[in-house]
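Heads up, the thing below is written out as structure tokens.
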Amino acid sequence: MSRLVVVSNRVAPIQEGEATAGGLAAGVLDALRQKGGIWFGWSGTVNEAGGPVTDHPVEREVGPISLFTVDLTRRDYDAFYRGFANGTLWPVLHYQIGLGRFEWPEFAGYRRVNALFAHGLAALVQPDDLIWAHDYHLLCLADALRAEGMRNRIGLFLHTPFPAPGVFMTIPAHAELIRAMCAFDLLGFQTELDRTAFVDYLLRHAGGTALANGVVSVFDRLVHTGVYPIGVHVDDVRAQAEAPANRRYATRLRAHLMERLILSVDRLDYSKGLRQRFAAFERFLADYPAHHGVTTFMQIAPPSRGDIETYQVIRRELEGEAGRINGRFAEVDWVPLRYLNKSFPRNVLMPLYAEAQACLVTPLRDGMNLVAKEYVSAQDPEEPGVLVLSEFAGAARELDAALLVNPYDEAGMARALDQALCMSVEERRERHTAMLAVMRKNSLERWRDRFEADLRAVPGDPA
Ligand code: GDG
């Protein structure tokens with residue numbers, strides 16, 4: 001059978017026998033571990049001007065997986081990673097048009113890095129290999145691979161949302177991007193809303209014609225589209241949450257906290273709605289004083305993309321807000337908000353989920369949101385906590401038994417928190433059982449297997 005070649009911006013730093021963080025890495029690793037294959041991407045190293053630049057990918061073997069990585073020059077990193085990928089695409093894909101910027105030279109840098117990846121891959125890939133690219137960094141990869149003469153089956157899974165065409169079209173290079181995306185054979189999305197938005201663009205603005213089963217005829221080729229909601233390993237999360245060796249931290253925490261814990265865990269990113277969430281927590285403290293002295297809100301927010309200005313701004317804002325809210329409400333024996341701007345090992349995080357009576361997951365937009373799914377997985381089914389979830393997270397399409405909130409509605413979020421903390425055990429169990437059933441069905445294995453099978457089944461690029 002043909003090999004699987006996975007391409008993502010970063011190759012996870014994997015060691016044999018060690019668990020890795022995040023859904024992408026876990027799902028991809030499972031697939032590669034079972035059948036072997038190649039994982040290709042950026043090494044994470046930026047070569048400063050004049051520094052050494054290798055023109056061929058560096059190989060490392062980990063079990064049956066061959067990892068190939070390339071370095072980026074400072075110029076490419078600035079234009080591709082800080083520039084077009086995270087300065088333009090990320091905000092627009094998350095409907096944050098006002099935070100986006102656009103520079104044609106950065107778009108050229110984005111294309112250049114996609115071409116660099118394609119060139120490196122061309123030397124490794126055999127004609128019948130399946131190529132599975134991941135995420136918004138690589139929208140132009142298939143186009144670049146075709147330019148290298150490759151006719152392989154090539155798929156893309158977009159981990160972020162895909163916005164309504166009118167939003168996407170605020171990117172001045174939208175037409176070039178869409179044309180390049182259509183060089184993929186299969187485009188996978190987290191939700192039907194994202195898939196429909198993409199197909200809508202093709203039909204209304206690119207002259208496409210819809211055929212059966214999510215196939216669109218456009219630019220003289222057939223583009224397949226599908227919905228593949230990413231999942232988590234439900235039982236692994238629960239096992240990590242319960243393992244006595246992992247629970248030291250959680251047990252100590254329990255001794256220090258008052259009665260109730262509300263937990264949030266997010267990369268420090270403006271799309272996650274942290275500022276609005278802090279405001280909602282402040283409203284909760286103001287409107288529901290019965291929770292004073294007994295409830296703590298803990299926000300874990302590991303720094304992310306710290307060399308991009310919009311991220312520095314949100315970091316400063318949150319630090320200020322956390323101090324102000326605590327200054328307003330704290331008592332000598334109670335601090336309502338704990339803001340931790342650092343990351344924790346996964347085996348510390350999972351028991352913390354299990355400790356929390358409520359988890360507040362309120363992104364302004366999110367492709368899926370795995371924290372929501374991990375929280376539900378980590379709960380004790382007899383005494384489960386309550387998930388308060390933004391209706392604009394992809395996960396809300398599946399986890400509709402959560403308390404769904406609008407992340408722009410401070411009073412609504414405050415009310416939902418009160419409801420979560422006062423909910424009867426019967427209702428908590430009922431909601432938890434419903435969510436667990438959906439997550440077992442849409443597991444991480446299913447995400448991976450369905451995408452791979454669908455990619456295998458596409459007819460391939462005509463010569
Ligand atoms: C993108 C899309 C989509 C968080 N803090 C720590 C830590 N984490 C882990 C969580 C979770 C992962 O990182 C975050 O995943 P999310 O899905 O919540 O968000 P993004 O990072 O934005 O991921 C998203 C996802 O891709 C998959 O398709 O769902 O919509 O934006 O697994 O547990 N892990 C560790 N320490 C931390 O402090 N070890």
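FYI, side chains are in, hydrogens and waters are out, and symmetry mates aren't considered; it's all heavy atoms of this structure. Order of listing sets the numbers, starting from 1, for every ligand and every atom in it.
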Task: Within-shell test, Trp90 vs ligand 1, heavy atom, strictly < 4.0 Å - done: yes
Open item on the list: More than 12 heavy atoms of other residues, nucleotides or ligands under 6.0 Å from CD of Glu317: yes or no?
Closed with: yes
TODO: Look up atom CD1 in Ile308 and atom CG in Leu99, then write down how far apart they are to the nearest 0.5 Å.
DONE: 12.0 Å
TODO: Could you verify whether a donor N or O on one side chain and an acceptor N or O on the other, from Ser304 and Arg267, lie under 3.5 Å apart?
DONE: yes
Open item on the list: List ligand 1 atoms under 4.0 Å from Gln190, heavy atoms only on the residue side.
Closed with: 3 (C), 28 (O)
Task: Among Phe107, Tyr77, Tyr136, the one residue meeting ring pair (Phe, Tyr, Trp, His ring centres under 6.0 Å) with Phe84 - done: Phe107
TODO: Using a 4.0 Å heavy-atom threshold (strictly under), name the region of Ser343 that reaches ligand 1: side chain, backbone, both or neither.
DONE: both
TODO: Measure from the ring center of Phe278 to the ring center of Tyr339 and say whether it is less than 6.0 Å.
DONE: yes
Task: Leu349 N/O to ligand 1 N/O under 3.5 Å - done: no
TODO: Please work out which of Lys342, Lys373, Glu374, Met368 has its closest non-hydrogen atom nearest to atom 10 (C) of ligand 1.
DONE: Glu374
Task: Per atom 28 (O) of ligand 1, closest listed option by heavy atom (Arg346, His134, Arg365, His159) - done: His159
TODO: Under 4.0 Å from a heavy atom of Gly367: give me the atoms of ligand 1 that qualify, with their elements.
DONE: 30 (O)
TODO: For Ser2 and Arg456, test the side chains for any donor-to-acceptor distance below 3.5 angstrom and give the result as yes or no.
DONE: yes
- [ ] Say whether Arg397 and Thr191, considering side chains only, have a donor N or O and an acceptor N or O under 3.5 Å apart.
- [x] no
TODO: Run down the list Tyr375, Phe344, Tyr353 and name the one with the heavy atom closest to atom 36 (N) of ligand 1.
DONE: Phe344
- [ ] Answer with side chain, backbone, both or neither: which part of Ile230 has a heavy atom less than 4.0 angstrom from an atom of ligand 1?
- [x] side chain
Task: Salt-bridge contact Arg247-Glu242 (side-chain N to carboxylate O under 4.0 Å) - done: no
TODO: Please work out which of Thr160, Val361, Asp366 has its closest non-hydrogen atom nearest to atom 31 (O) of ligand 1.
DONE: Asp366
TODO: Could you see which bit of Val265 sits under 4.0 Å from ligand 1, with heavy atoms only: side chain, backbone, both or neither?
DONE: side chain
